[in-house]
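Everything quoted here is computed from the prediction, not taken from an experiment. For the numbers below, each heavy atom of this structure counts, side chains included, while hydrogens, waters and symmetry mates do not. Proteins get letters first, then strands, A, B, ... in listed order; numbering begins at 1 in each.
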Amino acid sequence: MSAALWQQIVFWALAVVMAFAAIRVVTTRNVVHAALYLVGTLLGAAAMYVLLFAEFVAWVQVLVYVGAIVVLMLFGLMLTRADIGKSNFDNDQRLLAAVCSAAVFGVTSWVLVDAFEGQEISLARTTGTTTASIGDAIFSAYVLPFEVVSVLLLAALVGAVVIARRDTGDE
Amino acid sequence: MQLAQSFIQADVDWHALAPELVMITAACLVLVVDLFVPRAIKWVAMPLSAAGIFATIAAVASLIGDERTTLAGSFEVDGFALLFKGLFALIGLVILGVSFHFFREGRYYQGEYYFLLMCGLLGGMVMASSRDLISIFIAIELISIPGIIMTALRKGDAKSNESALKFFLFSVLSSAVMLYGMSLIYGITGATQLDAIRDALAEAGSQPVITMSVFFIVVGFAFKISAVPFHFWAPDTYEGAPSPVAAFLSTASKIGGFVGLLVLMFVAFPDVADDWRPIFAVLAVLTMTVGNLIALRQTHIIRLLAYSGIAQSGYILVAFALIDPSNAATNSQAFQSALIYLAIYGVMDAGAFGAAVAFARRGGSYFIDDYKGLWSRSPLLACMLTAFLVSLAGVPPLAGFWAKLFVFLATMNAEVWWLAAVMGLNAVIAAWYYLAVVKRMFFDPAEDDSLVEVPLMLKTSIGFCAALLIVFVPGMPILSNLVERSTL
Amino acid sequence: MEWFDGGWGLSLATFLPLLGAIVLLFVPAAKEQAVKLVGTIFAGLALIAGIGLLLRFDYSRAGDIQLGTNLEWITQINARYHVGVDGMSLPLLVLSVLVTFLCCIYLWFHVPDPGKPKALFALVLLLETGMNGSFVALDLILFFVFWEVVLVPMYFMIGVWGGPRREYAAVKFFLYTLFGSIFMLLGFLAIWINSGGLDGGTFDMITLREQGVHATELFQNLVFLGLFLGFAIKVPMWPFHTWLPDAHTEAPTVGSVLLAAILLKMGTYGFIRIALPILPDAAVTFAPIIGILAVIAIIYGALCCLAQTDLKRLIAFSSVGHMGFVMLGIATLTDAGINGAIFGMVAHGLITGMLFFLAGSIHERYHTREIADLGGILKQIPRFGTLFTYAAIASLGLPGLAGFWGEMLALLGSYNPAPALDPTLFRVLMVGGGVGTVLTAGYLLWTIQRINLGRVPEKFADGHGIQDVVTLEWIAWAPLLVLILAVGVYPKMMLGLTDGAVQQIMHLFGTVAGH
Amino acid sequence: MWLVPLLPVLSFFAILFFGKKTKSRGHWFGIGALGIGFAMSLFAFIQLAAGNAAVEKSWNWFKIGDTINLEFGMHYDFLTGVMFVVVTLIALLVHIYSTGYMHDDERYTIFFAFLSLFTGSMLFMVIANNLLQLFVGWELVGVCSYFLIGHYWEEKENSSAAMKAFITNRVGDMAFLFGIFVLFFAGHGFNIEALNHAVHEGHLGGTVLTVGALLLFGGVISKSAQFPLYVWLPDAMAGPTPVSALIHAATMVVAGVYLVARMFLLFEGAGSALQVVSVVAAITMLLAAILALVQDDIKRVLAYSTISQLAYMVAALGVGAYTAGVFHLFTHAMFKALLFLGAGSLIHSAHTNNMSEMGGMRKYMPHTFRTFMIGSLGLAGIFPLAGFFSKDEIIGGALRSASEGRQLTSWIVLISAILTAFLTALYVTRMLVKTFWGEYKGHGTPHESPGSMVTPLWILAGATITVGFLGFPVIGPFKEWINVPGEVHHGFETLYNIILPVGATVVALAAIGLGIRLFHKPRKEIDIVSGPFGWMYRFVENKYYLDDFYLKGIVKPIQYPIARATYWTSQKIFDGAVNSAGRGAVALSRPVYDILDQQVIDFAVNGAAGLTGYSGGLLKYIQSGNVQRYAAVLFGAIALFVAAFVLL
Amino acid sequence: MPVHYFLVLSAFLFSIGIYGVLARQNAVLVLLSIELMLNAVNINLIAFSAWFEGRGLPGQIFALFVIAVAAAEVGVGLAIVILIYRNRQTVDVDEMSLMKW
């Protein structure tokens, strides 16, 4: 079997998994499950990145997302004691939501397919972009965004602390 | 070793980055100092950040007149950038002045607040120079996220929390939408630098997918600039946030969004303008009309200003509905009208918020009915607020009129008569509710005639805006020449 | 005096009041006398500047723009600081500075409730700047700025010092006028675009008058419609007049005087200075409509006057009628008509200004404006009553007093309108105007009979606090009284000035009265 | 010459500003001014008579373009001269008279001020050389008459009368003004001489001329109280009597006649217009004369008689008897002023206008009685008093033009003129009898008036007796002065110089006799007989025994039912028309104001406002505060936008 | 390997995210849904960068920045959620409507 075919198989497998996980994220009745399903999707995405020669991004994805964000989410869920067994986590406008999202999906996918049909990603390469080149770029051309993001993270950090901390008697 | 080399290789024009760097240092300095000063004098953070902003202004001034490009063309320092860096610094100062008493008396985290505020301003400054999708994205986030946090600073107040959450959700949502559009643009053009994108689009020509991606990006920004129908969050958030923060959101943050939009639309996407121009026409009309109509019914000054701000963005959006790459004159006319409008809008809106804060400070309230007889309670405040409102209404000779005039000119010049007519009618409706406030302040008798004393800090910062409004009248040529020189 | 002739004179006359307003801000409100003094001094300085202009004006070339200057302003859109006066605008400018000064004198002892003379004086001065400015501006944008500047002060005057329904009146005034001026602005911009827009477009009235607007008939008519809305609402023409009675009735005396004497003129002046010369063809198209509306206004105003029970309101409606004559004169597009119109403006300014002064003073003395409550004023305070009779008689267009010539010339013009217009229609209009004059005489005499003649009602019989004309009133009114007579006896004083200017635009309508 | 109009105007201001301060309370200014004025005009007139040419001067008043060039000019010829003499003389006498009559009036000073102003304006009007200037004077005298009629304005009726006068005149004035326009644009400017000339040379004619002339005549109708606009004059009697004498008898009301005389060539040129003029005049004189028969208020009697006499003059001009018309104007001024002043003196002493409350006055007021008598007979046209000559001239003129068939209307004029002559004599007699004979029925005891009042009476009486001879047929100099080109002067003709005068006199005397029969109580007869004019009375009485039935058959019906009917129509229809026009305007204005102005148009403004406010409320509702509803709306919007902008 | 496979997949995830945002009650769950949307974006970016091969670098860097920012957002978001929970004992988004007029 040619590599291309394998890739096809892998892609479809991943795609199905991700799609399923995603759907579960927004439908499951258990918040913890929802978070875990999200992990599923994210891991799928990471795998896709690998498939697309973006190992570094893939690792970052795994580390930051799965490792940090989702955990953060779980903490959030715990802290807010979201009642696990709650019968319904959805509000009364499910149908509306479904229609909207379906509409968006229909339109975008239609347009995209129409635009990119027949464009092939050649997977003949053996190596993707090296981490070094990414590092070079970030520290030369993208140094400012990098700096700014660090400020952003700092701000978010400070902000999160300020907001979340329980003030002693102050307010 | 290699790493070190790459650092050396990276030839960055640090001077061009000076304003941002100064800002960052100042912000961090504020944060650090705040850690060590006792609660009693935490307010020093404010003068400190003020000093920082002045330093930034100095840095900006040092760059006036020269065109610099660095970071592989993704960062530009030109008239446009400098104009807005200056504007952000200016607005920053005003907001600082407005914030001082508010936060000092209101038991807030002052140091953190000022830090966040500076971060937000920094975002705006970066935005002014960004010529690259990535940095634009980062900049817009850097404007929004501190905004969100500041909104949540009134921790005890459920309303405030709620508005913070709303703001947060919408902001993140809009970022997602915007990013989706950006990703597609990257996919179509294979570049993130605006010039490159422009060239690519020029040869790609008009395609549905391009229109759609641009549209997604526009939607993303429409949130930030609270254009109808993406404006829902704004009034609630403004109301819930600490008023100085509302001032920040309605001026710096909104202008930041507009700057990004300007850069994108005039640098990256003009060649496919025919496809997306109608979007802006619709947005503009909706925004100004709906904003004005709802504002008619407001009883809360902050909400009123929120809606008036929405309506004002409608006028600025008109400029985008006029973009026409094939006609340089019309194009630059539209562009400049937007610039002038933004500059003037920033000043008068900040002033108006400041006045609202000043009135609400002691015993006062945010409800317009309580403004009755303000004239006798504080003539100065009443007069200054009137100046802002009248200017917002666009009545000559105050600056607001010139802003509208230039938009009118651009519109007529592009011969989009119907749009001009719509603007005209809106101007009348707008005057109506601004006058309603003026009426209460001057015509109605005061219910309690205790004097409203305004501390010096507030007085100066509000008065500064008011003075600017009047200085614009003879100074109009100066501003318009300035704008003329700040091309992209 | 070169500096004076080189635009400084006009700029002084325009901006001295503004300066005064600013100075006033630094005078402590407690020192009322100081406030009044400063305010009056600056108004007086403006008046002196105006007189200086009268002296320096070259009457032999009354048709040309004089004493002006033309400086760069907003280069980007080629809006310039172009000011100047010719025979059309000089009388109005002088009228404005004079009346404002008199108002300031009047305010010395008649500060209406709730007091606050400082603010009131500042507003009056600000208002003056706006009014003078719009008479000297020769650049559309500059004109528009001044035009709008008057809105805010008048809004406050009505709203703060006005009568019971002042808020309604003030807002109505503001919005109504703003509504009109927005479309006027659009019209200006359209003219600018048509004249070349960004490359070489101009806002200069004179240039535009010379080069005209070359565009489709539809375009011209639309633009004219825009201007028409702006000006007609200010005039006000029937049926746009509904703001006027309220504004006048509610406004304080000084407000009504300035409103009637100067502000309304800005509308008619706009027609003569801008709408007609720049868009002559459209003007021809619109003239019949304007004429018809004008005559309706004349008769309508008179009828409404007959129905009034409130003195100020009555005078307000009389303004509608008189301005109707002015508009009729303009609509004829003849030199007779337009000269008559300008004459009518000044005359109406003097006479109705005077009437409002008197109405205000009646209110001061009797604390009522209800005609039914008044009576026998001539008996109780003869001098005052005489003045009222004088003004009323002047207002009904008695020859030998100012009121007559304007109406006469307007009717004369409409007997034989511009060639492009339909004489039959305009002759019918002329007859309508004639009926109007009869009705006018009717209501004015009736008013005299009701408030001035007859016996003194019991409640005022004791005459407590009802004194005859006091010195300051004499000072404030004498100039008006004298001018009413002088202009009436020696109309050349006005027409010699205006005619030259009017002839400048006559060729546009291929008309010289009589042929 | 300029001084003459100027002086009174100056004295007006003088009196207005300093009158109160001077001891005389100001009347000396007026009297002085008019004294000089009279002297000057007399002198000037003599100059003319001595053969100096007419003076025409003018200065530019204002100028618009090249066409509208209004002059401020004077034109002084015989016509002007006559008017000047008349006006200044009467005015002077009235001033003097008023010093007595108005002595106790509280507004003495202002009264004199306006008398002066009036005189000034009148002269200003008379001397005008162009129509517009004339119009200015025309309106000024109108306003002065307004003030003077309303002199006693404490009473509502008086001020109403003043208003009525002014407004009625305004109607005519507008017609006049439009007439001026018509003639102006006919291309011959405002100048009177030029217009006359143009018509005479035939440059100006046809419809334009007719229309113009008729419009001018509109002015005449109101000012000279012609049918149907005469209603104001009787009411105008509300003014002080000297005013009635000056304005409403001698001067202002003849302005219309003067105008027609001034523009005579023009009217003549417009033939049909002239016919209208004469018909109107014919009707007027008859109606007025009949009305005069049934009045009790002595001033009203005189007012109606004035109307019919004015009609006489107009009619004279109408039938082309130019000289006669002007001459009658001249004489009438004298005796009518005399009569009014006399009436004034009666009222002054009897404190009433009503003849029914007088009676037997001749015992108490001999001077008044005699002068009044003279005046009355002059009015009745008895030889050799002034009225006799002028009236005959007119009747003769009418007869002439009738017999020469120049215009059919001349017959109408002729007949009504004769009838009027008859009636005039009749009511004059009635007036005399009711006032001077019989018992005094009033309150208090009447007394003769002071010298300041009696002197003018005698002067005028003298004038009444003498001036007639100026117009003595054939030899009288008047026609040398006052004439128009193409008017033929006839030598002695039996028909016109014997039969007609005698006939007229007979008519008049018959009327008087009849009058005495009708109004005089027999037991009073002795008084009359012993009176100075008794012989005349007996003669009339005997003459008329035979025609008893004839008289009863014809005169009484005319005297009572017809006259009353006419009076009724006059009051109800014409007068009512004027009043109800005023009332109607008021009535109409209320709905216009209330409904149209206050509601409809306002509604448009406010309604629009309300609408926007409402929709504002709707939008406000949509914004319900729920985050996810916002979001839904939003993505719905996105989907729609994309669909709209991308797919379509 | 056709590009549009990836694009459609991402579009799908994006829409699912939208659904979640609109339909979920719990604020944290809404946050999760938004993460889904951001992931969709990243998939786009990476797919394109792979498609562009040599010029693919910016896409990956972009993706990295997106991830970083997402982290920051989540941090702030959760902080707010916790704050609200502390004040109101609930994190249900559709109960957040104090500011109805």
Side-chain angles (χ1 to χ4, degrees), chain C residues 172 175-176 239 241-243 245 300 302-308 317 335-336 339 376 378-379 382 386 389 393 398-400 404-405 408-409 411-412 415-416 430-431 434-435 437-439 441-443 445-446 448-449 452-455 490-492 494-496 499 502-503 506 512-515, chain D residues 16 60-68 70 107 110 121 132 135-140 142-143 146-147 150 153-156 158-160 162-163 166-167 170-171 173-175 177-178 180-182 184-185 187 582 585-586 588-594 596-598 600-602 604-606 609:
Chain C
K172 198 171 175 185
L175 290 185
Y176 214 148
H241 66 284
T242 47
W243 64 269
Y300 182 96
L303 289 177
C304 291
C305 283
L306 284 167
Q308 295 311 314
F317 267 110
D335 51 3
N339 275 307
L378 191 51
K379 188 134 197 101
T386 317
T389 317
I393 294 290
L398 182 79
F404 170 68
W405 297 109
M408 191 280 278
L409 286 171
L411 294 173
L412 183 70
Y415 177 78
N416 193 0
M430 171 185 77
V431 176
V435 177
T437 58
V438 176
L439 292 170
Y443 68 75
L445 294 182
W446 193 29
I448 293 178
Q449 183 186 30
N452 230 12
L453 311 179
R455 297 205 162 70
Y490 189 56
K492 198 170 182 176
M494 277 285 306
L495 294 171
D499 187 40
V502 173
Q503 296 302 337
M506 269 309 113
V512 187
H515 303 307
Chain D
L16 203 59
N60 175 283
W61 202 355
F62 65 77
K63 193 164 166 309
I64 294 178
D66 329 330
T67 45
I68 304 175
L70 179 57
R107 282 189 294 279
I110 200 77
S121 338
L132 213 48
F135 180 79
V136 172
W138 183 274
E139 287 256 320
L140 283 176
V143 80
Y146 164 79
F147 285 120
W153 41 253
E154 284 85 352
E155 301 308 328
K156 196 164 186 306
N158 301 349
S159 45
S160 310
M163 275 172 66
F166 191 91
I167 292 168
R170 202 86 207 257
V171 176
D173 294 353
M174 277 305 126
L177 188 60
F178 295 158
I180 295 175
F181 294 167
V182 173
F184 172 81
F185 283 115
V586 180
L588 177 59
S589 63
R590 205 157 273 122
V592 168
Y593 171 69
D594 290 345
L596 190 55
D597 183 61
Q598 289 305 292
V600 178
I601 296 175
D602 235 13
V605 179
N606 300 341

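Proximity to chain D (any heavy atom under 4.5 Å) is shown, for C/Tyr443, by neither the backbone nor the side chain. Neither the backbone nor the side chain of C/Met494 comes within contact range of chain D; no heavy atom of the residue lies under 4.5 Å from a heavy atom of that chain. Interface remark: D/Lys156 contributes backbone and side-chain atoms alike to the contact with chain C (heavy atom separation under 4.5 Å). D/Leu132 touches chain C through its side chain: at least one heavy atom from C-beta onward sits under 4.5 Å away, while N, CA, C and O do not.
The residue from D/Ile64, D/Ile68, D/Ile180, D/Leu177 that alone fulfils the side-chain contact (heavy atoms from CB on, under 4.5 Å) condition with C/Leu412 is D/Ile68.
Comparing D/Val143, D/Leu70, D/Asn158, D/Asp173 by how many heavy-atom pairs each has under 4.5 Å with chain C, the most go to D/Val143. When the candidates C/Val502, C/Ile393, C/Leu378, C/Thr389 are compared by the number of heavy-atom contacts under 4.5 Å with chain D, C/Leu378 comes out ahead. Ranked by heavy-atom pairs shorter than 4.5 Å toward chain C, the options D/Ala162, D/Gly137, D/Ser159, D/Ser121 are led by D/Ser159.
Ring-centre distance between D/Phe62 and C/Trp405: below the 6.0 Å cut-off.
Note that the CZ atom of D/Arg170 and the OG1 atom of C/Thr437 stand 5.0 Å from one another [nearest 0.5 Å].
Residues forming a ring pair (Phe, Tyr, Trp, His ring centres under 6.0 Å) with D/Phe166 (at least two apart in sequence, or on another chain): D/Tyr146. Judged as a side chain to side chain donor-acceptor pair (under 3.5 Å), and not counting sequence neighbours, the contacts of D/Glu155 are C/Arg455.
Under the 30°/60° scheme for interplanar angles, the aromatic rings of C/Tyr415 and D/Phe181 are found to be tilted.
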